[in-house]
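In what follows, residues are counted from 1 in the order of the sequence shown. Computed from a prediction, not measured in an experiment: that's the story for all the values here. Both counts, for ligands and for their atoms, begin at 1 and track the order of listing.
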Amino acid sequence: MLGPAILAASRSDKMRRIVSAAPVTKPVVNRFIPGETVDQVIPIVEDLTRKGLEVTLDVVGEDITTVEQSHAARDAYLELIERLGALGLGDKAEMSVKLSMFGQALPGGHELALANVRPVVEAAAAIGTTVTLDAEDHTTLDSMFAIHEELRRDFPQTGCVIQAYLFRTEADARRLAAAGSRVRIVKGAYKEPAEVAYQDKAEIDKAYVRIMKILMEGEGYPMIGSHDPRLIAIAQELARAAGRKLDEYEFQMLYGIRGEEHLRLAAEGHRMRVYTAYGTDWYGYFMRRLAEKPANLLFFLRSMITKN
Ligand SMILES: Cc1cc2nc3c(=O)[nH]c(=O)nc-3n(C[C@H](O)[C@H](O)[C@H](O)COP(=O)(O)OP(=O)(O)OC[C@H]3O[C@@H](n4cnc5c(N)ncnc54)[C@H](O)[C@@H]3O)c2cc1C
């Protein structure tokens, strides 16, 4: 029951102020968001890649309210890509982007988000890497998929995310499982109504397996975004059954979650990509991590009580 309450709080400005100002918040945040600036995150990328891992970088931020903020988001990614390029990290690090940070929800937002994300995709291609469009709440997805399709005309390697909890996703997976496409499948991290999404964990897991099967049997490049050991084992089985080699799909996990598993899969020869978020506007990202595992919230609250 805690998960939905935390997800509701993730959209509350009042809670944002309270949580962000609490002195004990920072160490807990650091587990999931290991830096606020490019200078802080670059050594982390270097460390992960030295260990045989790959990376996807997310400059945290979402639901911005002005055009200027959307331009700042674009510029933050451009600065990051320039730094990665100078260090020759283009073959190891890609970008993950939330279109709401690029202005998608503002008036004329679809065009604004496309105009902001295009130079980021171009810059990524110029250093030999790519961009994946994250999936946000279900009301944003038609626009996200349309932007994805538009970007793929010039940059076919642009990826996108689909969420197993949504009823629509099996159909999206069939459409996207075509040659050259890169699709990340995740369970889904937002609070969605029963009209559009499975609410029961077991139903979500079953849908996840059906969707992985579509992706593995398709012609695209599946990216399995999960920490769930059962789903990871099933992914390996499905890949084998579909005759995929180890470099024909990859696993992805979040920074700060099951780090030993990142290394185990990489040591087995799998491509393992660590989703690494950084920046100052971390509230929404952080609250979704708390909602996924209520034990995280209890740890957080305990540290608040003992330190105050
Ligand atoms: C690379 C990547 C990218 C993602 N991108 C998106 C996106 O674009 N859109 C979107 O809606 N969602 C995204 N997500 C989040 C996703 O939807 C799930 O909310 C999240 O991955 C938890 O689901 P799970 O598959 O790990 O399974 P779960 O059943 O939730 O977790 C399995 C196990 O993993 C561990 N675990 C999971 N979450 C946590 C946590 N927060 N803290 C500590 N341990 C944890 C626990 O041991 C848990 O038992 C992404 C996830 C990953 C890994």
Side-chain angles (χ1 to χ4, degrees), residues 2-4 6-7 10 28-33 48 53-62 93-101 104 131-141 144-145 148 159-166 168-169 172 182-192 196-198 200-209 211-212 222-235 249-262 264-265 270-277 282 284-300:
L2 267 176
I6 304 168
L7 287 177
S10 77
V28 190
V29 170
N30 286 347
R31 169 180 169 194
F32 302 108
I33 302 129
L48 292 169
L53 303 167
E54 299 188 31
V55 179
T56 183
L57 283 154
D58 169 30
V59 183
V60 281
E62 53 205 82
E94 57 144 74
M95 272 25 82
S96 285
V97 156
K98 285 187 177 52
L99 290 174
S100 74
M101 191 192 186
Q104 188 188 34
V131 171
T132 295
L133 304 182
D134 281 356
E136 299 182 69
D137 77 68
H138 77 279
T139 62
T140 65
L141 296 182
M144 185 275 274
F145 287 128
H148 176 243
C160 73
V161 179
I162 55 177
Q163 298 152 312
Y165 61 16
L166 293 180
R168 65 174 286 168
T169 299
D172 288 325
R182 296 171 63 262
V183 183
R184 179 196 302 151
I185 164 76
V186 299
K187 289 190 185 179
Y190 294 79
K191 187 172 182 296
E192 296 290 10
V196 300
Y198 300 108
D200 179 51
K201 260 181 153 314
E203 287 298 328
I204 297 169
D205 288 357
K206 277 192 250 170
Y208 196 111
V209 174
I211 295 158
M212 271 201 293
M223 304 185 281
I224 309 302
S226 180
H227 315 91
D228 186 332
R230 215 160 51 94
L231 291 180
I232 288 158
I234 294 172
Y249 64 103
E250 70 182 41
F251 290 108
Q252 299 189 348
M253 294 188 194
L254 302 179
Y255 184 93
I257 302 179
R258 303 201 69 211
E260 73 299 339
E261 187 67 2
H262 306 179
R264 186 187 71 79
L265 286 166
H270 286 287
R271 294 187 75 180
M272 175 71 223
R273 193 177 296 280
V274 183
Y275 186 110
T276 308
W282 43 257
Y285 183 91
F286 174 64
M287 293 298 275
R288 286 192 294 280
R289 302 297 78 82
L290 294 190
E292 281 156 1
K293 188 154 179 175
N296 291 343
L297 179 71
L298 296 178
F299 173 75
F300 177 54

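- Ligand 1 has no nitrogen or oxygen under 3.5 angstrom from a nitrogen or oxygen of Tyr275.
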What do the steps show when you test Tyr285 against Leu254 for side chain to side chain contact (heavy atoms under 4.5 Å, CB included), and what is the final call?
CA-CA 11 Å; Tyr285 183 91; Leu254 302 179; 3.8 Å; yes

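- When non-hydrogen atoms are compared, ligand 1 lies under 4.0 Å from the backbone of Met253 (N, CA, C, O) but not from its side chain.
- In this structure, Tyr190 and Gln163 have side chains that are in contact, with non-hydrogen atoms separated by less than 4.5 Å.
- Taking every heavy atom of Asp134 and a limit of under 4.0 angstrom, the matching atoms of ligand 1 come to 8 (O).
- Given atom 9 (N) of ligand 1, the protein heavy atom at minimum distance is Ala135 O, 2.8 Å.
- Atom 52 (C) of ligand 1 has its nearest heavy-atom neighbour, among Leu254, Ile204, Ile162, Val97, in Leu254.
- Set against the non-hydrogen atoms of Gln163, the atoms of ligand 1 under 4.0 Å away are 9 (N), 10 (C), 11 (O).
- When distances from atom 31 (O) of ligand 1 to the protein are checked, no heavy atom turns up under 4.0 Å.
- At least one cation-pi condition fails for Arg273 and Tyr275: the charged atom is not both under 6.0 angstrom from the six-membered ring centre and inside a 45 degree cone around its axis.
- Taking distance alone, with nitrogen or oxygen atoms compared against 3.5 Å, Asn296 approaches ligand 1 more closely than that limit.
- Counting protein heavy atoms under 4.0 angstrom from atom 48 (C) of ligand 1 gives zero.
- Under the 4.0 angstrom criterion for non-hydrogen atoms, Arg230 is not in contact with ligand 1.
- Taking a distance limit of 4.0 Å, we find that atom 44 (N) of ligand 1 is approached by some protein heavy atom.
- Among the atoms of Ala189, some N or O lies under 3.5 angstrom from an N or O of ligand 1.
- For the pair Leu290 and ligand 1, the shortest N or O to N or O distance does not fall below 3.5 Å.
- If you number the atoms of ligand 1 from 1 as listed, the ones under 4.0 Å from a heavy atom of Gln252 come out as 1 (C), 53 (C).
- Of all the atoms in ligand 1, the ones that sit under 4.0 Å from a non-hydrogen atom of Val161 are 7 (C), 8 (O).
- Using a 4.5 Å heavy-atom cutoff, the side chains of Arg182 and Met223 are in contact.
- Residue Arg230 qualifies as open at atom CZ: its count of foreign heavy atoms under 6.0 Å is 12 or below.
- The closest side-chain heavy-atom distance from Arg168 to Ile162 is not below 4.5 Å.
- Within the 4.0 Å heavy-atom criterion, the part of Arg31 lying near ligand 1 is the side chain and not the backbone.
- Put simply, the side chain of Tyr208 reaches to within 4.5 Å of the side chain of Ile224, judged on heavy atoms.
- For the residue pair Leu141 and Ala135, the shortest heavy atom distance occurs at CD2-CB, 4.0 Å.
- Under 4.0 Å from ligand 1, the heavy atoms of Lys201 that appear belong solely to its side chain.
- Phe32 has its side chain within reach of Ile257: a pair of non-hydrogen atoms, C-beta onward, lies under 4.5 Å apart.
- Taking 4.5 Å as the limit, every side-chain heavy atom of Pro229 sits out of range of all side-chain heavy atoms of Glu261.
- Distances between N or O atoms of Glu292 and those of ligand 1 include at least one value under 3.5 Å.
- The closest side-chain heavy-atom distance from Phe286 to Val60 is not below 4.5 Å.
- Contacts between Arg273 and ligand 1, counted as non-hydrogen atom pairs separated by less than 4.0 Å, are absent for every part of the residue.
- Near Arg184, with a cut-off below 4.0 Å to any heavy atom, the atoms of ligand 1 are 3 (C), 4 (C), 5 (N), 8 (O).
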